[in-house]
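The structure appears right after this line, and notes come after that.
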Amino acid sequence: MKRKSEAEIGRRRFVGLCGAAALASSLPLRAQAAGSKPKILVAGDSMIAGGFGLFLARDLQKQHGYPVLRRGKTSSGLARPDFFDWMKEGERLVQEFSPDVSVVMFGGNDVQGLYMGKGEWIRWPDKEWSAEYARRVVAFCDILAPSGQTIFWVGMPVMRPPKFHARVQRVNTIFRAEMAVRKNAWFVDAWPVLADDNGEYADRIELEPGEDGKPGKKVRVRAGDGIHLSPKGAEHLKDHVLEAMLPKLAELSA
């Protein structure tokens, strides 16, 4: 996710499926009959710009009738505001859309040095890194939910590259901890959803059991880089996130 070649791999894999809307800023998806249903912002990096974000926004809008705005920026995150400033973008999106609910997915591009401005950095993995990154997560949530609006933060999935695998576990720990202490916020764990039975990386996993208790057919859920998701993997993660979201959205709509 953080190297240009990896981002290009993800774009090539999804371009036929997602079209231009998945590769650039997404226009608002308007519900046909929103009624009193909450407005949902879907924001994040290439996972949101690509298939997962597209499928999630599409189903929330077309299948469940929620007004949705999706904003995905490939290779972005909270580490490098000099590349793309999500704090400023979050303020703009809130002013434009006033979301009642936000779905956020970052992390893969953030397991690096944190740019502090004026040429200063907190290097990975300096002892100050976790505290500063947690501060940025909280600050971004405060922008999206200034009055305690609902946030669903989707964690990073298991990764194939060993170093990357270990690093995203660290950011997941931060996401989980910060959502646990925040009102109306939930961490949605993507790790076990896309891992094998032992919680390890797998290109292919069994999505449905076979007949008579036999193993089901394994389906490719990851892209060739071992980081991004295949279309099937994006659909699978979308289903998992919707399962976590829909009961709480129904409460907000009541």
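For Q61 (side chain) and P67 (main-chain N/O), no donor-acceptor pair under 3.5 Å exists by modelled atom type. Not a single donor-acceptor pair under 3.5 Å links the side chain of H165 to the backbone N or O of R160. A donor-acceptor pair under 3.5 Å is absent between the side-chain atoms of R204 and the main chain of V219, judged by distance alone. With R222 contributing its side chain and H228 its backbone, the two residues share a donor-acceptor pair below 3.5 Å. Proximity of a side-chain donor or acceptor of W191 to a complementary backbone N or O of G199 within less than 3.5 Å is detected. At least one donor-acceptor pair closer than 3.5 Å links the side chain of D196 to the backbone N or O of N198. Checking side-chain atoms of D45 against main-chain N and O of F106 turns up no donor-acceptor pair under 3.5 Å.
Classification of R176 and D189 as a salt-bridged pair holds, one side-chain N sitting under 4.0 Å from a carboxylate O. In this structure, R182 pairs ionically with D142, as a charged nitrogen and a carboxylate oxygen lie closer than 4.0 Å. Under the 4.0 Å criterion applied to side-chain N and carboxylate O atoms, D85 and R80 are not assigned as salt-bridge partners. Between R136 and E132, at least one side-chain nitrogen of the basic residue sits less than 4.0 Å from a carboxylate oxygen of the acidic one, meeting the salt-bridge criterion. Look at E89 and R71 and you find a salt bridge, because one of the NZ, NE, NH1 or NH2 atoms lies within 4.0 Å of a carboxylate O, short of that distance.
Checked against the 6.0 Å centroid criterion, the rings of Y115 and W121 qualify as a close aromatic pair.
In this structure the side chain of L41 never reaches within 4.5 angstrom of the side chain of V101, judged on heavy atoms. Inter-residue side-chain proximity for I227 and P161 is flagged as met; some heavy-atom pair is nearer than 4.5 Å. F164 is listed as a side-chain neighbour of V111, based on a closest heavy-atom distance under 4.5 Å. Annotation: side chain of D100 is not in contact with side chain of L252 (no heavy-atom distance under 4.5 Å). Between L237 and L229 the shortest side-chain heavy-atom distance falls below 4.5 Å.
Evaluation of the side-chain contact (heavy atoms from CB on, under 4.5 Å) rule for K248 yields F152, W186 as partners, not counting sequence neighbours. Applying the ring pair (Phe, Tyr, Trp, His ring centres under 6.0 Å) rule to W129 yields the partners W124, Y133; only residues at least two apart in sequence or on another chain are considered. By the side-chain contact (heavy atoms from CB on, under 4.5 Å) test, E120 is found to be paired with M116, residues two or more places apart in sequence or in another chain being considered. Every residue was checked against the side-chain contact (heavy atoms from CB on, under 4.5 Å) condition with D197, not counting sequence neighbours, and none meets it. F84 meets the ring pair (Phe, Tyr, Trp, His ring centres under 6.0 Å) test with W86; sequence neighbours excluded.
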Test side-chain contact (heavy atoms from CB on, under 4.5 Å) on I151 and M179; report intermediate values, then the result. CA-CA 8 Å; I151 292 179; M179 296 309 109; 4.3 Å; yes
Does the pair M156 and Q169 meet the rule for a side-chain contact (heavy atoms from CB on, under 4.5 Å), with working shown? CA-CA 8 Å; M156 288 285 98; Q169 286 180 305; over 6 Å; no
Dump the intermediate steps for side-chain contact (heavy atoms from CB on, under 4.5 Å) on N184 and Q149, then the final yes or no. CA-CA 7 Å; N184 298 326; Q149 293 90 339; over 6 Å; no
Under the side-chain contact (heavy atoms from CB on, under 4.5 Å) criterion, do S130 and I174 qualify, and how do the steps go? CA-CA 7 Å; S130 291; I174 293 171; 4.1 Å; yes
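Contacts classified as side chain to side chain donor-acceptor pair (under 3.5 Å) and involving residues 236-246 (residues at least two apart or in different chains) are given here: D59-K238, E235-K238.
Under a hydrophobic clustering in which Ile, Leu, Val, Met, Phe, Trp and Tyr are joined whenever their side-chain heavy atoms come within less than 4.5 Å, directly or via other members, I122 and V138 fall into different clusters.
In terms of heavy-atom proximity, G51 sits nearest to A234 at C-CB, 3.8 Å. When all heavy atoms of G65 and K37 are compared, the closest pair comes out as O-CD, 3.6 Å.
Relative to the ring axis of F97, K39 places its NZ or CZ within 45° and under 6.0 Å from the centre.
To the nearest 0.5 Å, atom CG of residue L242 and atom CG of residue L60 are 5.5 Å apart. Considering CG of L144 and CE of M87, their distance stands at 9.5 Å, rounded to 0.5 Å.
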